[in-house]
**Student:** 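This is the structure I have questions about; it appears just below.
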Amino acid sequence: MIRVVFNQKGGVGKSSITCNLAAISAEMGYSTLVVDLDVQGNSSMYLGYDIHSEEALTTGTSVANIFKQRRGLLSTKQPPDEYVLATEHENLFLLPASIELEAMEKDLESRYKIYQLRKALEQLDQHYDRIYIDTAPNFNFYSKSALIATNTVLIPFDCDSFSKQALYNLIDNMMELKEDHNEDLRIEGIVINQFNAQASLPALLVEELKAEEMPVLDCYLGSSVKMKESHYRQTPLVYMARSHKLTQQFIALFEKIEQIPPGSFQLKDSAAQTETASAH
Ligand SMILES: Nc1ncnc2c1ncn2[C@@H]1O[C@H](COP(=O)(O)OP(=O)(O)O)[C@@H](O)[C@H]1O
Ligand SMILES: [Mg+2]
C-alpha cells in the first residue's frame, strides 16, 4: 500500500503528516517506509537523517541512486531496498532524499524516466506493509513520478484562502496527469491541518470544500507548538508525546484512512504494554 502526500503549496504540513502517519503505522506493527522526494530533505531530517551530512554525501544511500541506476549511471545493479535506511524506531524505515535530486531532474525528465519510480516502488511494495511518500512543494518531475507510481493521494490543506486556490490548481494538474498517465489515481482525502476551531475562517473554508463535494477527511488536525518541538527533536509525535491532543488527532486520522475502528491503535498499544510488562 503506497500513499503520496502532495500539495504544490509549501508549508501546508506535507512532511509533518507523512512522518507522523508513518510513525503511527510503524507503531501499529506495520513495516513502514518513508520515501523522501523533496530535495529539502525535511522528512529525512525529521526521521534523524541529515541529507547534508558528510555521511549522506559520501555513502550515496538515497532515492537519487534509484534514479541513477535506472538511468544507467551506476555500474552495480542493486535492488531498491539496498538504499533504504533503518531509523531508530522499530518498523520504521527511510529512503532519504538527496541534494543530487535537483541537478538530476532535467536530465531525467528529458529522457522520459517518469515511470522509473513506479517500477522501483513496485519492488519496495513487496517488502513493506505501508509506504508513505513525501513530495516537494512543486508539480515537478519527482512529484509527477510519485503520482504515477501510486493510486492514492493525501492532500494537506492548511485553511487559508490561498490554500483554497492552490487546491483547485492542484486538482486540475492531477486530473490532467490522471488522464495522461495513471487512470487509477484518486484523492484518498484532503487532510485539514492546523485547524483552529475558535476562528471562523477555517470552519467556513472547510464547509465550502465540503459543499463542493471535495473529499475532506473528517478528522481534523489542530495546531500545536508540539509539532515544532517534535521536528526539533527529530522525533515524531507518537514517540514523543503519545497522549497529546495532536497525536491523538493523528491516530484518529490514521484509523480513518486505514478504515479500522476508532480506538484500534489504543487497543493494540495497551496489548503491547501488557506483553512488555509480563515479559519483565
Ligand atoms: N499541526 C501543526 N501544528 C503546528 N505546526 C505545524 C503543524 N503542521 C505543520 N506545522 C509546522 O508548519 C511548518 C510547515 O510544515 P511542513 O510539514 O514542513 O510542511 P510542508 O512539508 O508542506 O512544507 C513546519 O514548521 C511545521 O512544524
Ligand atoms: Mg516538506
Side-chain angles (χ1 to χ4, degrees), residues 3-24 34-52 62-63 94-99 101-102 132-140 142-143 145-147 153-160 162-167 169-170 173-174 187 189-199 201-203 205-206 216-254 256:
R3 292 192 169 94
V4 180
V5 181
F6 179 59
N7 189 326
Q8 58 211 59
K9 186 167 181 282
V12 292
K14 289 181 289 296
S15 305
S16 306
I17 290 168
T18 303
C19 293
N20 280 292
L21 288 178
I24 291 166
V34 170
V35 179
D36 188 358
L37 282 180
D38 183 2
V39 69
Q40 293 180 79
N42 291 346
S43 277
S44 304
M45 190 68 162
Y46 195 8
L47 299 180
Y49 189 78
D50 180 359
I51 66 163
H52 298 97
S62 81
V63 70
L94 171 68
L95 183 52
S98 160
I99 57 166
L101 286 174
E102 197 164 2
Y132 285 84
I133 307 179
D134 187 20
T135 51
N138 274 312
F139 200 58
N140 65 12
Y142 301 108
S143 308
S145 295
L147 293 167
V153 193
L154 289 170
I155 302 178
F157 178 79
D158 67 347
C159 304
D160 76 28
F162 293 139
S163 302
K164 201 166 165 229
Q165 192 48 52
L167 187 64
N169 296 340
L170 164 64
N173 285 340
M174 270 184 55
I187 300 171
I190 295 172
V191 179
I192 306 297
N193 189 27
Q194 304 225 45
F195 184 77
N196 177 355
Q198 261 71 56
L201 183 63
L205 287 172
V206 172
V216 175
L217 291 165
D218 256 334
C219 304
Y220 305 166
L221 302 169
S223 179
S224 164
V225 289
K226 275 278 173 229
M227 183 62 93
K228 284 204 178 9
E229 194 185 325
S230 151
H231 280 277
Y232 175 73
R233 293 180 188 277
Q234 298 179 293
T235 310
L237 290 164
V238 72
Y239 307 118
M240 193 189 84
R242 214 173 184 90
S243 51
H244 190 272
K245 188 172 169 196
L246 184 55
T247 316
Q248 294 302 311
Q249 290 168 341
F250 268 108
I251 290 171
L253 175 63
F254 173 80
K256 181 107 195 164

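As the structure lists them, so they are numbered: ligands from 1, and atoms in each ligand from 1.
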**Student:** Considering non-hydrogen atoms of the protein only, which is the closest contact for atom 27 (O) of ligand 1, and what is the distance?
**Tutor:** His231 CD2, 3.4 Å

**Student:** Yes or no: does Ser224 have any heavy atom under 4.0 Å from an atom of ligand 1?
**Tutor:**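 So Ser224 counts as touching ligand 1.
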
**Student:** Does Lys14 come within less than 4.0 Å of Asp38, counting only side-chain N to carboxylate O?
**Tutor:** no

**Student:** For ligand 1, find out whether one of its N or O atoms is nearer than 3.5 Å to an N or O atom of Lys228.
**Tutor:** yes

**Student:** Under 4.0 angstrom from ligand 1, any heavy atom of Val12?
**Tutor:** yes

**Student:** Locate the shortest heavy-atom distance separating Pro156 from Asn7; write the atom from each residue and the value.
**Tutor:**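 Heavy atoms of Pro156 and Asn7 come nearest at O-ND2, 2.8 Å.
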
**Student:** At what distance is the nearest protein heavy atom to atom 1 (N) of ligand 1, and which residue and atom is it?
**Tutor:**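 The protein heavy atom lying closest is Gly222 O, 2.8 Å.
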
**Student:** How close does the nearest protein non-hydrogen atom get to atom 23 (O) of ligand 1, and which residue and atom is it?
**Tutor:** Gly11 N, 2.8 Å

**Student:** So, for Val238 and Ala23, which heavy atoms are closest and what is the spacing to 0.1 Å?
**Tutor:**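 Minimum heavy-atom separation between Val238 and Ala23: CG1-CB, 3.7 Å.
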
**Student:** Where does Asn7 meet ligand 1, judged by heavy-atom distances below 4.0 Å: at the side chain, the backbone, both, or neither?
**Tutor:**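 Near ligand 1, Asn7 shows nothing, with every heavy atom at 4.0 Å or more.
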
**Student:** Test Asp134 against every option in Ser15, Ser44, Ser16, Cys19 by the side-chain contact (heavy atoms from CB on, under 4.5 Å) rule and name the one that passes.
**Tutor:** Ser15

**Student:** Measure the acute angle between the ring planes of Tyr46 and His231, then classify it against the limits of 30° and 60° as parallel, tilted or perpendicular.
**Tutor:**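 Ring orientation, 0 to 90° scale: parallel.
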
**Student:** Can an N or O of Asn193 be found at a distance shorter than 3.5 Å from an N or O of ligand 1?
**Tutor:** yes

**Student:** For Ala241 versus Thr247, what's the shortest heavy-atom pair and its separation?
**Tutor:** O-OG1, 2.6 Å

**Student:** Can you list the protein N, O or S atoms less than 2.8 Å from the Mg ion (ligand 2)?
**Tutor:**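 Protein N, O or S atoms closer than 2.8 Å to the Mg ion (ligand 2): Ser15 OG.
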
**Student:** Taking the side chain as everything from C-beta on, heavy atoms only, tell me whether Asn193 gets closer than 4.5 Å to Val12.
**Tutor:** no

**Student:** Ignoring hydrogens and geometry, is there a side-chain-to-backbone donor-acceptor pair from Tyr49 to Leu94 under 3.5 Å?
**Tutor:** no

**Student:** Do me a favour and list the nearest non-hydrogen protein atom to atom 17 (O) of ligand 1 with residue, atom name and distance?
**Tutor:**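 Going by distance alone, atom 17 (O) of ligand 1 is nearest to Ser16 OG, 2.5 Å.
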
**Student:** Counting only nitrogen or oxygen atoms and a 3.5 angstrom limit, does Gly13 reach ligand 1?
**Tutor:**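 Yes - when backbone and side-chain N and O of Gly13 are compared with those of ligand 1, one distance drops under 3.5 Å.
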
**Student:** Of all heavy-atom pairs between Val5 and Thr135, which one has the smallest distance, and what is that distance?
**Tutor:** O-OG1, 2.6 Å

**Student:** Run down the list Gln249, Gln194, Met227 and name the one with the heavy atom closest to atom 12 (O) of ligand 1.
**Tutor:**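 Answer by nearest heavy atom: Gln194.
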
**Student:** Any side-chain heavy atom of Leu21 within less than 4.5 Å of one from Arg3?
**Tutor:**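 SC-SC contact between Leu21 and Arg3 ruled out.
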
**Student:** Verify, without hydrogens or angle tests, whether Gln248 (side chain) and Arg242 (backbone) share a donor-acceptor contact under 3.5 angstrom.
**Tutor:** yes

